[in-house]
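To start, the structure under review is shown below, and the notes come after it.
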Amino acid sequence: MAYFYEEPSRTFSEYLLVPGYSSSECTPANVSLRTPLVKFKRGEEPSLSLNIPLVSAIMQSVSDDRMAIALATEGGISFIYGSQTIENEAAMVSRVKNYKAGFVDSDSNLRVDNTLADVLALKEKTGHSTVAVTDDGTSNGKLLGIVTSRDYRVSRMDPSMKVADFMTPIEKIIYAEEGTSLKIANDIIWDNKLNSLPILDKNGHLRYFVFRKDYDSHKENPLELLDASKRYMVGAGINTRDYEERVPALIAAGADVLCIDSSEGYSEWQLRTLKFIREKYGDTVKVGAGNVVDGEGFRFLAEAGADFVKIGIGGGSICITREQKGIGRGQASAVIDVAKARDEYFKETGVYVPICSDGGIVYDYHITLALAMGADFIMLGRYFSRFDESPTNKVVINGNYMKEYWGEGSSRARNWQRYDMGGGAKLSFEEGVDSYVPYAGPLKDNVALTLAKVRSTMCNCGALTISELQQKAKVTVVSSTSIVEGGAHDVVLKDNGGGPIK
């Protein structure tokens, strides 16, 4: 006879936190959101930690190198999507690692015969205003000039004007030779009041740029997530098919942590993948696994060597696995069960394996609930897909700006490896949808607002750290009527913005 759980499968919306005593020290400014990313032994510090408990999902519509840079700036980490060629994924990882090193590969390049229209189109595509003009239009061609926003005025110039006619030519550009240290490059920038400094090889070919903004970055972003070489940290997704080729390429590119991207992690396929990594690299390569929804699945992956375990099946906003296959579990129930197993495993072995709640986040307060229930960090897809930095198009739908967002199990992504059950190399049926989400602006502003809510709620619970929150939190199940009571009710809301009331 099948096993039946006594408790129903619950979501985060079915719970609330009950306030605890808050001392005068409990102010949001005193809250630390630092949290372990990978496993560690009792009494030791984890080799990798996050400064905020947010990571971006392993999805085509969410996590590329631009998202990774933006999120690492705020203290979290992105897992570059693995449903692309090994070469392309490794190149994205490499771009993130090179970015913070101070020496940045140029991603905006044109030839002298390009036009102002081309400059504007490139700026719209990359978001960068510094354009290198090289002999062949590539990032490592011979530098002939530079175009910045100071070199043209759209209102007074013909869009067909050639770049050669308004660029700053190489003769008037201050540059440095390859081999110049970052410190000296920054000194040149400051001494000459530059915004950027091109680095050229002995033949005049462009190698990198050094930007003034990178010098100022750390002061403006004290939580940015950096490795020992002061480069941004980045994760990367892998699958259970081509890991023997993909893992070495990603490690060579500089990935700090890997994660097996799978809809269901309690499988021999993940065991084989983890075994390969441990036999080839020992514990030097950090890799998460999942997804699971109960303690049994957690213990399987922890014993297989996972550095963290990801929780969640069918709870994502674009996921239809539960509809299609009838498997999964309410995200809150899954987190509570796996957190209990994580604590038991730690008590038995002295090894703490962090757990990541993936999916089921609808409101910001759900993040705090997930942390209180035992999650060490949260993986988000829809949340990050709304921002400028996501790799999808911004479109107008019914007069509103939206961003495209699709699941890895949709026909658009066709990431069959994520749903691999050892059969043919194909996606037999969809487990995700193609959709739109409301455009929300830049990541930085939105993450700051979300974390302000998290810190404030933690103070209401009398906690200054995530571990303290997990110890002190009091959680209650709510009724359907109390959910209604929790929002604005029995009033007529004013329409202050002229738009729809939300």
Side-chain angles (χ1 to χ4, degrees), residues 64-66 69-70 73 91-92 94-217 220 232 388-389 391 393-394 442:
D64 64 354
D65 47 308
R66 189 179 177 205
I69 291 167
T73 302
M92 285 189 181
S94 181
R95 286 198 290 272
V96 178
K97 300 308 293 185
N98 288 334
Y99 185 92
K100 190 53 196 177
F103 296 96
V104 183
D105 290 322
S106 177
D107 69 350
S108 299
N109 310 286
L110 293 173
R111 301 184 309 274
V112 290
D113 58 347
N114 284 115
T115 64
L116 174 59
D118 295 325
V119 172
L120 298 176
L122 190 58
K123 182 179 179 182
E124 177 70 20
K125 178 182 178 182
T126 66
H128 299 154
S129 58
T130 299
V131 176
V133 183
T134 60
D135 60 347
D136 57 3
T138 69
S139 60
N140 295 126
K142 188 171 183 179
L143 187 65
L144 303 179
I146 290 178
V147 174
T148 71
S149 55
R150 293 179 296 181
D151 292 313
Y152 58 86
R153 293 186 66 179
V154 177
S155 61
R156 296 190 178 184
M157 293 169 60
D158 191 315
S160 65
M161 181 178 289
K162 299 294 184 184
V163 166
D165 295 330
F166 61 88
M167 71 179 187
T168 300
I170 185 65
E171 295 80 14
K172 296 182 179 180
I173 295 173
I174 296 173
Y175 60 88
E177 294 183 357
E178 189 174 16
T180 301
S181 70
L182 185 59
K183 182 181 184 304
I184 293 176
N186 279 319
D187 288 341
I188 296 172
I189 287 174
W190 280 92
D191 291 344
N192 294 278
K193 299 180 179 180
L194 306 175
N195 287 322
S196 64
L197 178 72
I199 307 295
L200 310 183
D201 67 14
K202 61 182 180 181
N203 296 316
H205 289 84
L206 179 63
R207 300 296 297 152
Y208 309 103
F209 274 106
V210 177
F211 292 96
R212 175 189 289 264
K213 61 181 176 62
D214 286 346
Y215 181 88
D216 297 329
S217 176
E220 296 175 1
Y232 283 135
D388 287 323
E389 294 82 1
N393 295 319
K394 183 169 69 173

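Below, all heavy atoms of this structure are taken into account, side chains as well, without hydrogens, waters or symmetry copies.
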Original post:
Please walk me through it: do Asp158 and Leu116 pass side-chain contact (heavy atoms from CB on, under 4.5 Å)?
Top reply: CA-CA 8 Å; Asp158 191 315; Leu116 174 59; over 6 Å; no
Subject >> Rounded distance [0.5 Å steps], OG1 in Thr180 versus CZ in Phe103 >> reply: 7.0 Å
Subject >> Exercise: identify the closest heavy-atom pair between Ser106 and Ala132 >> reply: OG-CB, 3.9 Å
**OP:** Measure from the side-chain N and O atoms of Asn186 to the backbone N and O of Lys183, and report whether any donor-acceptor pair falls under 3.5 Å.
**Re:** no
Subject >> Nearest atoms (heavy-atom pairs only) where Glu389 meets Ala70 >> reply: CG-CB, 3.5 Å
Subject >> Pairwise distance CG(Leu120) to NZ(Lys125) - rounded to 0.5 angstrom >> reply: 15.0 Å
Subject >> Exam field: side chain Asn203 to backbone His205, donor-acceptor pair closer than 3.5 Å >> reply: no
Original post:
Rounded to the nearest 0.5 Å, how far does OG of Ser196 lie from CD1 of Ile174?
Top reply: 10.5 Å
Subject >> Short side-chain to backbone donor-acceptor contact, Asp118 and Thr115, under 3.5 Å >> reply: yes
Original post:
Do you know which two heavy atoms are closest between Asp65 and Arg95, and how far apart they sit?
Top reply: OD2-NE, 3.0 Å
**OP:** Taking Lys142 for its side chain and Leu206 for its backbone only, find out whether a donor-acceptor pair lies under 3.5 Å.
**Re:** no
Original post:
Measuring from Leu182:CG to Asp187:CG, what's the distance to the nearest 0.5 Å?
Top reply: 9.5 Å
Subject >> Among Ile146, Asp105, Asp107, the one residue meeting side chain to side chain contact (heavy atoms under 4.5 Å, CB included) with Phe209 >> reply: Ile146
Original post:
What do you reckon, is CD of Glu178 surrounded by more than 12 foreign heavy atoms closer than 6.0 Å?
Top reply: yes
Original post:
Can you name the closest pair of heavy atoms from Met167 and Val147 and give their distance?
Top reply: CB-CG2, 3.6 Å
Original post:
What closest approach, in Å, do Gly137 and Asn109 show between heavy atoms, and which atom pair accounts for it?
Top reply: O-CB, 3.4 Å
**OP:** Starting at CD1 of Ile69, measure out to NZ of Lys97 and round the result to the nearest 0.5 Å.
**Re:** 11.0 Å
**OP:** Could you tell me whether the side chain of Asp191 and the main chain of Ile188 form a donor-acceptor pair under 3.5 Å?
**Re:** no
Subject >> Ile170, Asp201, Ile199 screened by side chain to side chain contact (heavy atoms under 4.5 Å, CB included) with Leu143, the one that passes >> reply: Ile170
Subject >> Verdict with reasoning, Asn140 to Arg207, per side-chain contact (heavy atoms from CB on, under 4.5 Å) >> reply: CA-CA 6 Å; Asn140 295 126; Arg207 300 296 297 152; 3.6 Å; yes
**OP:** Kindly give the heavy-atom pair with the smallest separation between Ser129 and Lys123, and that separation in Å.
**Re:** CB-CE, 4.1 Å
Original post:
Would you say Lys162's side chain and Asp113's backbone share a donor-acceptor pair under 3.5 angstrom?
Top reply: yes
Subject >> Ion pair check, Arg66 and Asp64, cut-off under 4.0 Å >> reply: no
**OP:** Would you please test Val119 and Phe166 for side-chain contact (heavy atoms from CB on, under 4.5 Å) and show each step?
**Re:** CA-CA 11 Å; Val119 172; Phe166 61 88; 4.2 Å; yes
**OP:** Mind running side-chain contact (heavy atoms from CB on, under 4.5 Å) on Asn195 and Thr130 for me, showing each step along the way?
**Re:** CA-CA 9 Å; Asn195 287 322; Thr130 299; over 6 Å; no
